[in-house]
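As the structure is a prediction and not an experimental result, all values here were calculated from the model.
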Amino acid sequence: MNFLFEIGLEELPARYVDKAEKDLKKIIENELKAERIKFSEIESFSTPRRVTAIIKDLAEKQDDLDKKSVGPSVEIAYKEGQLTKAGEGFVKSQGATIDDIKIIENEKGKYISIEKFIAGKNTKEILPEILKNAIKKIEFEKSMKWADRTFRFVRPIKWFVTLFDNGEILPFEFEGLKGGNKTRGMRYFASQDIEINNPLDYEKILLENFVVVDGEKRREEILKSIRENGEKDGDTAIINKYLLDEVVNVVEYPYAIKGEFSRDYLQLPEDIITITLETHQRYFPVKDKDDRLSNKFIVIRNAPEYSETVKKGNEKVVEPRLADAKFFFDEDLKNKFADNVEKLKEVTFQKDMGTIFEKVKRSEKIAEYLISELNLSDKKENIIRTVDLAKADLVSNVIGEKEFTKLQGFMGSVYAEEQGEEKDVVLGIFEHYLPRYQGDELPTTMEGAIAGIADKMDTIIGCFSVGLKPTSSKDPYALRRATQGIIQVVLNSKLSFDYKELIEKSYEIFSSDKKVLEKDVVKDVTEFFKQRIINVLSEKYKKDLINYEINLESNIVELDKKLSELLKLSQTENFEILINLLKRVKNIVKDEKNENLNIDSTLFELDEEKALYNFANQLESMENKDFSSYIETLLNNADTINQFFDNVIINADDEKLKNNRIALLKKLENSIDKMINL
């Protein structure tokens with residue numbers, strides 16, 4: 001049998017629609033499995049007004065259960081022929097009696113057990129409780145009570161559909177609302193009293209009433225309507241995924257309408273216009289046939305038809321928004337952009353980390369350290385200027401109104417360009433925020449790369465120093481993203497420096513400016529960085545390869561080079577043989593604590609000892625030079641190690657001979673440990 005469960009709601013916020021659908025489906029799946037009720041699949045749907053699950057081929061009853069529970073041993077369960085408290089507790093926990101006890105025997109001894117046959121109940125008896133649990137277990141960041149209800153949910157629940165095949169309604173009640181077979185179509189355009197007789201007709205019936213319940217089909221309808229109603233005259237909609245995702249969950253039946261605004265606003269920077277249209281109005285911006293931003297936009301109406309009133313209403317609404325943006329922008333251009341830096345003294349970054357002005361000054365010192373480490377003296381003036389101006393737009397009118405916070409960095413670069421700053425400084429101001437999210441572009445200028453690393457390093461060190469390091473569930477200052485951003489920029493720009501020394505220097509700069517409230521900051525940040533480096537590099541390399549080098553190399557660029565070489569070598573047939581040989585060396589000498597064992601070459605009895613000794617000396621001479629040559633030499637001479645193991649008795653009866661051979665292996669291990677960590 002098939003079963004339809006629909007939760008009807010007042011309009012959900014767009015960000016909750018997909019989550020509610022996903023959670024409902026998953027919870028019902030888990031509940032059915034826990035209750036031993038079979039089904040073939042669960043099909044789920046959602047719109048702003050409903051969250052739905054259709055359970056297909058639902059079994060009419062639970063599976064029967066033969067349950068065998070093993071309790072304590074006979075010695076513990078009985079004392080002088082009577083059940084002990086442990087024995088009684090086990091029997092009681094199984095809902096059994098003394099007569100139900102059986103003795104079983106296994107390799108560990110004799111134990112008491114209870115065997116029970118539990119007949120499966122009718123699914124229709126169990127299903128109401130499953131549905132109640134599903135409603136209660138859907139979690140939201142914010143929830144509310146309504147009317148005289150005691151239950152909290154993201155929005156008021158208005159109706160339930162609880163329907164089996166052939167029109168049978170499952171008796172169900174939750175918070176005074178009873179399940180039925182009636183759903184609601186689109187507001188104003190369809191009936192609010194639609195009867196359903198078969199769960200499998202659900203999607204079709206709602207479509208006839210102007211509700212597209214499948215989110216992916218709604219997405220396709222939006223794109224189709226944009227093409228048909230907004231792009232046939234040569235215009236092209238700018239469709240950003242984040243906006244499309246939101247609009248999909250704002251409407252039940254989409255219809256695209258194209259509107260216009262005054263061409264005068266095209267004098268504004270494009271990003272101000274697109275942010276105004278997308279973020280504030282949920283409009284799709286439009287480019288003309290020459291691929292330039294036009295004075296048009298596309299709004300998705302929640303209705304099955306065009307409306308001139310809706311078009312004009314949206315045109316009327318967007319003009320004041322753009323007028324505000326133009327006013328703020330024009331006001332900002334009246335002032336000297338660099339003067340904004342002083343205003344940052346009045347803006348707190350975080351109470352224990354001080355103002356943004358103080359943060360900028362610390363970032364400048366970190367940048368100076370990097371300039372010295374990377375021999376960028378020819379770029380020093382531009383880099384420091386970039387760091388100095390990077391946060392100046394935070395106190396501009398455009399950003400200060402909080403409507404355009406997504407334009408941080410971009411507006412700074414616009415103002416800097418308008419007022420004649422060097423082009424690399426202009427670009428660097430924008431680029432210092434990069435990457436902003438997974439897959440984002442990376443800085444193209446050294447100004448942007450160094451300014452971004454300095455800014456992020458100060459944030460990371462500062463947060464760890466004042467007790468704001470990330471937890472498993474919280475990372476309010478996005479330190480994981482910041483650290484991964486640093487690593488990606490370092491690799492992309494090939495910035496060759498020691499990240500551990502950068503952490504120490506950044507801590508020194510912060511601790512001389514602010515009070516440190518936590519212990520082991522450098523150690524914790526170093527470990528934090530190491531884990532993020534592993535995360536970034538694991539996109540290219542296997543974890544075992546990374547683990548060979550992560551504790552030996554603190555230059556991220558060099559680490560990447562070494563892993564690249566190891567990756568090539570790991571694909572050769574002898575690499576695994578070599579690794580196993582090296583692990584064998586380590587196992588033999590693992591209990592030897594003395595690092596400076598003397599080797600007496602006069603004690604060598606076999607050619608294999610002499611060969612290994614010469615090979616160990618060769619490896620020592622190659623340490624910390626060319627990693628690729630070192631590993632390749634190691635790989636090519638695996639036979640030297642192998643023959644030593646095959647032909648030399650290490651644990652010889654003669655103590656001197658034995659110690660000399662262990663010292664020889666220790667010498668080999670000491671060299672290898674500097675280059676590859678097994």
Side-chain angles (χ1 to χ4, degrees), residues 269 271-272 328-371 380-422 424-434 436 443 445 447-463 465-466 468 476-479 482 485-486 506 509-516:
D271 282 39
I272 290 184
F328 296 141
F329 181 63
D330 290 343
E331 287 296 302
D332 284 333
L333 291 180
K334 291 176 183 177
N335 304 310
K336 191 174 180 183
F337 181 53
D339 290 346
N340 282 0
V341 177
E342 280 293 309
K343 296 177 186 176
L344 296 174
K345 291 179 177 178
E346 307 302 318
V347 183
T348 300
F349 177 68
Q350 194 275 336
K351 64 182 181 68
D352 295 313
M353 287 189 265
T355 65
I356 294 180
F357 181 85
E358 291 171 311
K359 177 174 173 48
V360 167
K361 292 304 167 188
R362 292 193 300 268
S363 298
E364 285 179 6
K365 291 177 183 177
I366 297 171
E368 285 174 354
Y369 168 79
L370 286 169
I371 289 165
K380 181 173 181 177
E381 186 178 343
N382 273 1
I383 291 171
I384 298 303
R385 183 64 171 171
T386 303
V387 177
D388 191 41
L389 295 178
K391 305 297 182 185
D393 64 353
L394 297 181
V395 289
S396 66
N397 285 297
V398 169
I399 304 298
E401 282 301 311
K402 302 193 187 310
E403 294 189 349
F404 299 96
T405 52
K406 286 185 179 179
L407 295 181
Q408 290 175 16
F410 170 77
M411 291 311 303
S413 67
V414 169
Y415 297 138
E417 184 175 28
E418 289 280 344
Q419 299 189 357
E421 296 289 342
E422 290 277 344
D424 285 342
V425 173
V426 168
L427 192 50
I429 290 169
F430 167 71
E431 289 187 335
H432 95 282
Y433 280 109
L434 303 179
R436 295 157 296 186
T445 62
E447 287 80 358
I450 301 301
I453 292 172
D455 174 45
K456 292 178 179 74
M457 277 304 308
D458 180 71
T459 302
I460 295 161
I461 289 290
C463 285
S465 296
V466 303
L468 293 173
Y477 286 84
L479 302 189
I486 290 173
S506 301
I509 291 166
F510 184 86
S511 60
S512 66
D513 184 49
K514 294 293 170 192
K515 185 178 179 181
V516 174

### Message
With ring-ring contact (aromatic ring centres under 6.0 Å, His included) as the rule and sequence neighbours excluded, what pairs involving residues 342-371 come up?
### Response
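Non-adjacent pairs meeting ring-ring contact (aromatic ring centres under 6.0 Å, His included): Phe349-Tyr477.
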
Could you report the tightest heavy-atom contact between [X] and [Y], atom names first, then the distance?
X      : Y      : value
Ser506 : Ile366 : OG-CD1, 3.7 Å
Ala454 : Ala367 : CB-N, 4.0 Å
Ala449 : Pro443 : N-CB, 3.8 Å

Is any side-chain heavy atom of [Y] closer than 4.5 Å to one of [X]?
X      : Y      : value
Val466 : Phe510 : yes
Lys514 : Glu358 : yes
Thr459 : Met353 : no
Ile460 : Ile486 : yes
Val347 : Val395 : yes
Glu368 : Ile384 : yes
Ile356 : Lys345 : no

Quick one: pull up [atom1] in [X] and [atom2] in [Y] and give me the separation to the nearest 0.5 Å.
X      : Y      : atom1 : atom2 : value
Asp458 : Lys359 : CG    : NZ    : 4.0 Å
Asp388 : Ile429 : CG    : CD1   : 9.5 Å
Leu344 : Thr355 : CG    : OG1   : 7.5 Å
Ile450 : Thr386 : CD1   : OG1   : 10.5 Å
Ile399 : Asn340 : CD1   : CG    : 11.0 Å

Check the surroundings of atom [atom1] in [X]: do more than 12 heavy atoms from other residues, nucleotides or ligands lie under 6.0 Å from it?
X      : atom1 : result
Lys365 : NZ    : no
Gln350 : CD    : yes
Glu331 : CD    : yes

### Message
Regarding Asp455 and Lys391, does a basic nitrogen lie under 4.0 Å from an acidic carboxylate oxygen?
### Response
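Lys391 and Asp455: salt-bridged.
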
### Message
Using a strict threshold of under 4.0 Å (side-chain N to carboxylate O), is an ion pair present between Glu346 and Lys343?
### Response
no

### Message
Before you tell me yes or no, could you show the steps for Ile453 and His432 under side-chain contact (heavy atoms from CB on, under 4.5 Å), namely the whole-Å CA-CA distance, both residues' side-chain angles and the distance that decides it to 0.1 Å?
### Response
CA-CA 8 Å; Ile453 292 172; His432 95 282; over 6 Å; no

Which donor-acceptor pairs under 3.5 Å do the side chains of residues 407-416 make with protein atoms, sequence neighbours left out?
from   : atom 1 : to     : atom 2 : distance (Å)
Gln408 : OE1    : Tyr433 : OH     : 3.4
Ser413 : OG     : Phe410 : O      : 2.6
Tyr415 : OH     : Asp332 : OD2    : 2.4

Tell me whether [X] contacts the main-chain N or O of [Y] through its side chain, where contact means a donor paired with an acceptor under 3.5 Å.
X      : Y      : answer
Thr348 : Lys351 : no
Gln419 : Phe337 : yes
Glu422 : Asn382 : no

### Query
Given the rule in the side-chain contact (heavy atoms from CB on, under 4.5 Å) test, do Asp352 and Lys515 qualify, once you have shown the distances and angles that lead to the verdict?
CA-CA 8 Å; Asp352 295 313; Lys515 185 178 179 181; over 6 Å; no

### Message
Walk me through whether Glu421 and Arg385 qualify under side-chain contact (heavy atoms from CB on, under 4.5 Å).
### Response
CA-CA 9 Å; Glu421 296 289 342; Arg385 183 64 171 171; 2.7 Å; yes

